[in-house]
S.K.: 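Got a structure for you, written out below as structure tokens; questions coming shortly.
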Amino acid sequence: MRYSDYFIHTLYEVPKEAETPSHIFLLRGSYIHPVAAGVYSLLPLGHRVAEKIKNVLREELNAIGGMEITMPVLNPAELWKKSRRYYDIGQELFRIKDRKDRDFVLAMTHEEVVTEIGKQFLRSYRDLPVMIYQIQTKIRDEARPRAGLLRVREFFMNDAYSFHTDFEDLDAYYPRIFNAYLRIFTRCGLKSIPIEADSGIMGGTGSHEFMLESPYGEDRFVLCSHCDYRANTEKAVGLKLPPEGLPNVPPPMRPVPTPNVKTIADLMKRFDSGEDHFLKTVAYEADGELVLAVIRGDFTVSTTKFTNYLKATKLEFASEGLLSSKGLFPGFLSPVGVKDIRIVFDSSVGEGIPFIAGGNEPDVHLEHVVSGRDFFVKEMTDIAEVREGDRCAKCGQGVLQIRRGIELGHTFKLGTKYTAQDSMDVTYLDANGGHQRVIMGCYGIGVERLMASAVEQWHDAGGMMLPIGIAPFEVILCALGNKPEVAQMADEIHKELTPRYEVIYDDRDESPGVKLKDADLLGIPIRVVVSQKLLKEGKVEVKVRRSGEVTICLRAELPALLEKIVAELQPCLDGLPYMPE
RNA sequence: CGGGACGUGGCUCAGCCUGGUAGAGCGCUGCGUUCGGGACGCAGAGGUCGCUGGUUCGAAUCCAGUCGUCCCGACCA
């Protein structure tokens with residue numbers, strides 16, 4: 001392919017809307033073009049990258065028995081009402097009407113459609129298990145698209161769905177998709193870290209996210225300095241060690257006047273005590289019901305964990321009005337003496353430990369409040385935000401560190417969320433002729449986000465350094481100078497390499513500096529240079545974009561050298577943190 | 001949804017404060033020179049100054065509204 005015939009229009013300057021490296025370089029390299037906030041055209045180069053990623057996805061998913069299908073973006077609202085998601089999802093779901101005023105949605109994911117397919121065709125245990133997937137457009141009305149392709153409103157998603165006879169079968173299948181994901185990211189040149197993810201109602205090890213560590217990531221996850229524990233902060237649990245210097249026998253509870261002392265900071269001054277000696281009681285309104293969360297003062301309530309525990313659709317802080325209608329006073333809340341209000345305790349609230357808590361009347365706090373003596377715990381779970389430096393709960397030795405990451409993919413044991421009777425009610429007949437509920441898993445990867453992530457991981461000041469598995473071309477051939485013999489040799493090499501590699505041949509009438517800068521910006525993994533200087537000695541130059549390594553070889557040695565370099569650039573699929581199958 | 005910034009040729013920006021009818025660099029077209037890290041000369045094309053309304057003899061410039069884009073936060077099946 002000749003550069004002069006191809007659609008490449010690099011930009012010298014940084015477009016002002018771009019701040020992250022992937023956004024900057026994909027725009028400057030004319031890989032993508034913005035259409036609206038979070039909506040992009042993929043230009044020929046970007047399109048080629050996306051197609052390569054799609055092919056990697058197809059190869060790996062076909063290899064584990066997946067079958068590709070295509071489902072529509074346009075979905076009747078009825079389908080989404082059956083699963084309740086029509087009501088549960090907020091503004092992120094695009095809702096439209098057709099000419100007859102019937103309600104439709106633009107699918108943001110395809111559980112409803114695929115489950116309906118399963119319901120229609122998977123009647124017998126003999127039909128299971130089965131995995132079907134697609135690579136198709138997803139539409140989401142994101143509140144805030146950002147960072148170019150990292151968070152967009154329309155994108156290609158590879159979404160895969162598996163159907164199983166029971167949880168055991170799903171558990172047995174899960175490692176295959178997990179391992180396929182590891183191979184996919186590695187083949188796309190991405191260093192993915194699988195972490196335990198928030199799995200909502202499923203619990204356990206039902207869900208993993210594959211993260212690329214990056215300062216531009218929107219997610220946070222913890223990793224243990226000692227063991228292999230890695231988890232999203234929405235799920236991660238650290239050890240909650242009891243405060244030090246506690247009396248063996250706590251003194252009796254007593255009220256202390258505390259006018260105008262409301263915040264933990266004020267209280268610490270007033271009582272000359274550390275944060276971990278206080279009980280923090282936070283009032284929430286969960287789907288209209290007042291619920292109190294009680295947690296030790298040095299922790300923060302995680303709204304994600306708390307929402308999941310309550311199985312609530314909507315969780316907000318309780319209004320002062322709601323509190324006072326129940327006879328409670330903001331700033332002076334505590335679990336002591338509260339009746340007929342649901343109270344959830346975080347596991348940091350240890351029994352027998354004296355705390356300072358609100359007095360449940362204005363301007364009064366209580367000292368030496370002890371769980372199991374002065375109040376009683378009915379519901380206790382982990383609802384605390386994990387903290388940097390917390391001791392690892394898994395090994396007890398390491399320290400948890402918090403990192404930012406880009407979510408590359410997500411695997412999820414859905415269970416019966418969509419096949420349940422009150423959802424879409426999908427059953428099959430088992431060997432005994434009995435009705436059994438179908439169990440599902442779902443798995444997703446965003447194609448454009450992978451493209452952007454690859455640039456985030458692989459760039460330098462001069463531009464992209466694309467992994468060979470997804471680069472739009474494997475080789476860029478630069479003919480430097482205007483001498484006819486150089487062009488002649490470059491033409492010859494172009495003809496010779498084209499059957500074996502994807503080559504973009506920079507035949508433009510541009511100065512050497514322009515060509516070399518563009519080659520760097522575009523991030524093609526291997527650059528071959530033909531110039532008069534080299535030609536005099538019968539030589540050509542080969543440079544590896546990523547390492548910067550330059551080799552000058554005889555013209556005749558070029559094919560062998562390229563073969564060697566291309567082999568070296570292939571990602572290694574050994575030694576990944578595979579899950580035993 | 002809350003906070004902030006910005007909208008002027010394809011790109012990056014100046015001009016706005018202090019109103020008088022639009023400029024630079026890059027890119028683009030043609031001709032010539034140059035050729036290993038964004039060369040140069042000459043000639044040229046290209047702008048409803050986001051949009052609407054107001055003030056004014058006169059608005060890119062002042063005022064109001066509106067739309068759009070980006071950043072931080074909230075949100076994120």
Side-chain angles (χ1 to χ4, degrees), chain A residues 9-20 23-24 27-28 30 33-40 75 80 83-94 105-113 138-148 150-153 157 159 197-201 207 209 216 218-219 232 234 303-304 307-308 313-317 407 410 412 414 417-418 442 444 446 461-463 478-484 486-487 506 508-522 527-536 539-541 543 548 550 552:
Chain A
H9 301 276
T10 58
L11 291 174
Y12 182 53
E13 282 171 292
V14 178
K16 66 176 170 212
E17 74 259 28
E19 288 193 10
T20 54
H23 195 192
I24 291 170
L27 285 173
R28 283 191 54 202
S30 65
H33 181 66
V35 175
V39 182
Y40 287 86
N75 286 196
W80 287 65
S83 72
R84 312 282 314 158
R85 286 210 292 179
Y86 190 80
Y87 311 104
D88 292 344
I89 297 174
Q91 295 181 305
E92 206 177 333
L93 179 65
F94 263 103
V105 306
L106 300 179
M108 56 200 300
T109 166
H110 279 80
E111 280 81 3
E112 281 80 2
V113 178
K138 294 285 179 285
I139 311 267
R140 300 179 182 186
D141 195 0
E142 290 287 348
R144 187 156 90 84
R146 55 177 293 275
L150 281 181
R151 188 166 206 83
V152 289
R153 298 198 293 174
M157 183 175 186
D159 43 333
D198 167 34
S199 49
I201 52 170
S207 170
E209 286 168 342
Y216 297 104
E218 297 178 282
D219 288 84
N232 196 300
E234 291 177 346
T303 41
T304 305
T307 306
N308 287 341
T313 311
K314 196 177 174 195
L315 184 76
E316 8 176 50
F317 288 117
E407 182 187 342
H410 195 164
F412 194 90
L414 269 178
K417 181 168 163 60
Y418 293 91
C442 70
C478 296
L480 301 189
N482 60 352
K483 297 289 184 287
V486 169
D506 193 348
R508 293 176 298 167
D509 180 23
E510 286 287 354
S511 69
V514 171
K515 290 187 177 186
L516 297 173
K517 289 284 188 190
D518 275 338
D520 285 351
L521 173 63
L522 293 172
R527 189 186 78 189
V528 176
V529 168
V530 180
S531 73
Q532 200 191 14
K533 189 176 76 185
L534 292 162
L535 208 54
K536 276 180 187 163
K539 289 181 175 171
V540 292
E541 175 195 290
K543 181 174 177 181
V550 176
I552 293 174

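In what follows, every chain begins at residue 1, and chains take the letters A, B, ... in the order their sequences are listed.
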S.K.: Sticking with atom C1', work out how far B/rG23 lies from B/rG30, rounded to a whole angstrom.
M.R.: 24 Å
S.K.: What interatomic distance, in whole Å, is found between C1' of B/rG50 and the corresponding atom of B/rC70?
M.R.: 15 Å
S.K.: Test of understanding: with side chain to side chain contact (heavy atoms under 4.5 Å, CB included), list the residues that count as partners of A/T303, not counting sequence neighbours.
M.R.: A/Y284, A/L315
S.K.: Hunt down the Watson-Crick or G-U wobble partner of B/rG47, both distances under 3.5 Å, from any strand shown, or write none.
M.R.: none
S.K.: Return the nucleotide paired to B/rG2: Watson-Crick means purine N1 to pyrimidine N3 with N6-O4 or O6-N4, wobble means G-U with N1-O2 and O6-N3, both under 3.5 Å.
M.R.: B/rC72
S.K.: Within the sub-3.5 Å range, which N or O atoms of nucleotides 69-73 of chain B have a protein N or O partner, and how far apart are they?
M.R.:
residue: B/rU69; atom: OP1; partner: A/A37; partner atom: N; Å: 2.7
residue: B/rC71; atom: OP1; partner: A/A147; partner atom: N; Å: 3.2
residue: B/rC72; atom: OP2; partner: A/R144; partner atom: NH1; Å: 3.2
residue: B/rC72; atom: OP2; partner: A/R144; partner atom: NH2; Å: 2.9

S.K.: Considering only atom P, compute the distance from B/rC31 to B/rC16 and round it to an integer number of Å.
M.R.: 40 Å
S.K.: Given A/V540 and A/I552, is the side chain to side chain contact (heavy atoms under 4.5 Å, CB included) satisfied, shown in steps?
M.R.: CA-CA 6 Å; A/V540 292; A/I552 293 174; over 6 Å; no
S.K.: If a protein heavy atom is under 4.0 Å from the base, mark B; if only from the sugar-phosphate, S; if neither, -; do that for nucleotides 31-50 of chain B going 5' to 3'.
M.R.: ----BBBBS-----------
S.K.: Just to verify, what does A/D141 make a side chain to side chain contact (heavy atoms under 4.5 Å, CB included) with, not counting sequence neighbours?
M.R.: A/F94, A/R153
S.K.: Determine the interatomic distance between P on B/rG53 and the same-named atom on B/rG10; round to the nearest Å.
M.R.: 24 Å
S.K.: What residues form a side chain to side chain contact (heavy atoms under 4.5 Å, CB included) with A/R84, not counting sequence neighbours?
M.R.: A/Y87, A/D88
S.K.: Tell me every residue that passes side chain to side chain contact (heavy atoms under 4.5 Å, CB included) with A/R146, counting only those two or more places apart in sequence or in another chain.
M.R.: A/R144, A/R151, A/E218
S.K.: Roughly, in whole Å, what's the span from OH in A/Y418 to P in B/rA77?
M.R.: 10 Å
S.K.: Distance check, C1' atoms only: B/rG7 and B/rU61, in whole angstrom units.
M.R.: 15 Å
S.K.: Please determine, for B/rC62, whether a Watson-Crick or G-U wobble partner exists with both distances under 3.5 Å, and give it or none.
M.R.: B/rG54
S.K.: Measure CD/A/E92 against C1'/B/rC1 and give the value in whole Å, please.
M.R.: 14 Å
S.K.: Are any non-hydrogen side-chain atoms of A/V529 and A/L534 less than 4.5 angstrom apart?
M.R.: yes
S.K.: Distance check, C1' atoms only: B/rC49 and B/rG19, in whole angstrom units.
M.R.: 15 Å
S.K.: Sticking with atom C1', work out how far B/rG65 lies from B/rG46, rounded to a whole angstrom.
M.R.: 32 Å
S.K.: Let me check something: any side-chain donor-acceptor pairs from residues 11-18 of chain A under 3.5 Å, sequence neighbours excluded? List them with distances.
M.R.:
none

S.K.: For B/rC42, which nucleotide in any strand shown is its Watson-Crick or wobble partner with both distances under 3.5 Å?
M.R.: B/rG30
S.K.: Using the side-chain hydrogen bond (donor to acceptor under 3.5 Å, both in side chains) criterion, which residues pair with A/D518? Sequence neighbours excluded.
M.R.: A/T10, A/R508
S.K.: Scan every strand shown for a Watson-Crick or G-U wobble partner of B/rU18, both distances under 3.5 Å, and answer none if you come up empty.
M.R.: none
S.K.: Out of curiosity, A/N482 CG to A/E510 CD, how far, rounded to the nearest 0.5 Å?
M.R.: 12.5 Å
S.K.: A/H33: what forms a ring pair (Phe, Tyr, Trp, His ring centres under 6.0 Å) with it, not counting sequence neighbours?
M.R.: none
S.K.: Judged by each residue's nearest nucleotide on RNA chain B, which is more toward the 5′ side, A/V14 or A/R85?
M.R.: A/V14
S.K.: Can you tell me how far C1' in B/rG25 sits from the matching atom in B/rG15, rounded to whole Å?
M.R.: 15 Å
S.K.: Please report, rounded to the nearest Å, how far the P atom of B/rA77 is from the CD atom of A/E209.
M.R.: 10 Å
